[in-house]
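Notes to accompany the following structure.
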Amino acid sequence: MKNAKVSFRLGLVFGIIIFFTVAISYFYLGEQLRSLFYDGMKNRLYKELQLNRMLLDERPAQWDDVRLSDLWADDVGDALGLRVTLVSLKGDVIGDSYIDADRLSLVENHSNRPELQQAIAEGSGESTRYSDTVKEDMLYIAVPLGREKPFAILRFAKPLSDIKLLEAELRRGIEGALFWSLLLSLVFGVLTALFLSRPLRVIADAADNILHGDYTNKLGINSDDEIGRLARAVNFMSDEMNRMSQQEEWFKAIFSSIREAIIVTDASGNIKLGNPAACRLFNLDCALMIKTGAGHKATDSRLFELLERMTASGSTVEKEEVTVMTDRGERVLQVSAMPIIKSKIPEGTVFVMNDITKLLNLERVRRDFVSSVSHELRTPLTSITGYTETLLEGAIDDAENAKHFLQIILQESERLTALINDVLDLSKIESGRIEYTFAPVCLRDIVDQVVDLFDRAIEKKGIVLRVQIPQDLPYVNADRGYLELVLRNLLDNAIKYVAEENGQIMISASNVGDMVRVEVKDNGIGIPRKDLGRIFERFYRVDKARSRAVSGTGLGLSIVKHIVLAHKGKVEVRSRLNLGSQFSFVIPIAGESENSMGVTVDRREEEA
């Protein structure tokens, strides 16, 4: 019943109302018609009695013979279809249309009959009772005969069974009429219910569409009744929800695109809402919070304390720096807080958190870079200035010392030039201004070329160098010049930091899926674990005092990292202090079409 349609409910209500109306009408009309019929029957009997009474003002002489008076009663009874009885004033029956004349003497005295007694006393009498004579329920009406002095009593009687038969016929007619009235009324009620419920169904469908986000359908009901007012209210609600939905999408897009982490808390400090940046930073389930509206306590103790403190204070906070622990490690956040106040009652707080960890790191790197560049430039410049001043003060006349001083000045100038060139190259690489020319490259050729370049340095330190590159190693997709620079820097570092006489370096390459892995391994001084994360930073040196003893700019590994990343590869280092280091990188294999092109170029070179 709860899920029944309105038309069904209205039809059911109309049907029940009509049913009870017809039922009450049936019983009421039946009783009224029965009463009218009964009264009409009595009136007809009275009229018949009065007519016969007027005809019998004086007692007929032939009635001295009972057979003649009975004959008269039989004739009247047959003519009227009634039981006609003549009773003497003494109560003797002298004629009866239902009893033969021979049996009248056997009929008991009727002086005690109530209708007869009433007729003598009041001029007419009636009674409805069971007749002991004819053994049937009868309606009796009696009047005295005789104008001046009654000489007998005339009684008409109608069997109640006849009345009931007529009443049944009448009731059947009433029932038929009421049945058709009920049927037509039900049909009319159903049609009326459908007509009345149709606009309600239209409104319900429109409301269901609005519930599912469809605001395009408009109700065309323009009546001034309650349904029309309801339709206009639904149309207005649809327009408002459409406008609010659009605003929500705009706000959601703006909210999601903000890079700063935004968190909204309630008055208890529970996190009620967060943008994607906040969800990623603190590993919050924002979709669940939006769906359920349930709040969550902050899991980080420092963030929890921050939210609690700022919520409790209820004041505006401007750019307070806080360090919190997240899934991405320890982050430094610049927090601004704005309380939500409604009717002078705080309902929550909006937190805007800007992750400035990277900015602080960049600032630290900038300071380190400026400091390192200044130091790297100052050292050769100081040396050049010092030896130049020595030469100017007279050492230029000493041929042997002058030549030595000039050689030092030349070395420092070359070191200064190399440093500036590396800084410029690194700047180009990091800014993306370099255009790489990618082509299929044979890695073994580049390794052989780089090894030949460092032959003298390797022989001078007595280093054992091994190269393990398979003959069937696929070509790699790379810029030949910059890939050579990567290998040159890695091999140069390995040569610098291995010991003389017992130094060992191994260059190897292998195929790993759709990539080629290149490793440069040495048994040099190694790198402490705490420095491995910063080894690829610009100017970073593990042991600065020891690193100054070897030539270099401190930018080689940073250049290696950026070049490998530009080749869609990855570089990493493994090292143990005093046991050596292993630098490795992976770069993509050249495609089939690129391989065939590379082979063609290689053959042309061989033929040349």
Side-chain angles (χ1 to χ4, degrees), residues 29-60 62-63 65-89 91-111 113-120 122-146 150-176:
L29 289 176
E31 190 64 29
Q32 290 294 318
L33 289 174
R34 181 179 180 279
S35 177
L36 290 172
F37 181 77
Y38 192 76
D39 292 341
M41 181 68 68
K42 288 195 297 182
N43 289 333
R44 189 169 74 84
L45 291 178
Y46 270 116
K47 289 180 180 180
E48 295 291 344
L49 280 171
Q50 293 297 333
L51 178 60
N52 284 275
R53 179 183 182 183
M54 293 174 63
L55 295 175
L56 295 172
D57 286 344
E58 295 181 357
R59 185 178 186 276
Q62 61 268 32
W63 280 13
D65 187 350
V66 175
R67 285 175 297 181
L68 294 178
S69 60
D70 182 64
L71 179 62
W72 181 87
D74 292 341
D75 292 339
V76 175
D78 291 338
L80 299 178
L82 302 172
R83 179 188 176 188
V84 179
T85 306
L86 287 172
V87 182
S88 67
L89 296 178
D92 297 328
V93 177
I94 59 176
D96 195 307
S97 60
Y98 276 27
I99 302 173
D100 294 335
D102 297 336
R103 295 178 55 203
L104 291 177
S105 59
L106 302 177
V107 178
E108 66 177 339
N109 190 279
H110 278 35
S111 59
R113 299 296 191 265
E115 66 275 7
L116 300 180
Q117 293 177 353
Q118 186 180 6
I120 294 172
E122 299 178 6
S124 65
E126 66 176 80
S127 176
T128 302
R129 57 182 175 79
Y130 181 78
S131 173
D132 293 329
T133 304
V134 297
K135 309 300 182 183
E136 190 177 1
D137 289 328
M138 306 285 284
L139 169 62
Y140 296 98
I141 298 178
V143 295
L145 297 177
F151 58 85
I153 300 173
L154 176 62
R155 184 183 70 180
F156 285 177
K158 185 75 173 176
L160 292 181
S161 59
D162 294 344
I163 298 175
K164 290 179 180 178
L165 288 174
L166 293 173
E167 184 182 350
E169 289 293 331
L170 182 61
R171 281 188 176 274
R172 278 195 292 272
I174 295 174
E175 288 172 356

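Start at 1 with the first residue, then count along the sequence.
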Could you check if a side-chain atom of [X] sits within less than 4.5 angstrom of a side-chain atom of [Y], using non-hydrogen atoms only?
{"X": "Leu154", "Y": "Leu86", "value": "yes"}
{"X": "Ile153", "Y": "Leu145", "value": "no"}
{"X": "Leu89", "Y": "Pro150", "value": "yes"}
{"X": "Glu108", "Y": "Arg113", "value": "yes"}
{"X": "Phe156", "Y": "Asn52", "value": "yes"}
{"X": "Arg83", "Y": "Arg155", "value": "yes"}
{"X": "Ile99", "Y": "Val93", "value": "no"}

State, to 0.1 Å, how close [X] and [Y] come at their nearest heavy-atom pair, and which atoms those are.
{"X": "Val143", "Y": "Ser124", "result": "CG1-CB, 4.0 Å"}
{"X": "Lys42", "Y": "Ile141", "result": "O-CD1, 3.7 Å"}
{"X": "Trp72", "Y": "Val84", "result": "CZ3-CG1, 4.4 Å"}
{"X": "Glu115", "Y": "Ser127", "result": "OE1-CB, 3.4 Å"}
{"X": "Ala73", "Y": "Asp96", "result": "CB-N, 3.9 Å"}

side-chain contact (heavy atoms from CB on, under 4.5 Å) partner of Arg67, the single match among Asp70, Asp65, Leu71: Asp65
Can you measure from NE2 (His110) to CG (Leu116) and round to the nearest 0.5 angstrom? 7.0 Å
Would the number of heavy atoms belonging to other residues, nucleotides or ligands and lying under 6.0 Å from CZ of Arg129 be above 12? yes
So, the side chain of Gln118 versus the backbone of Glu126: is there a donor-acceptor pair under 3.5 Å, distance only? yes
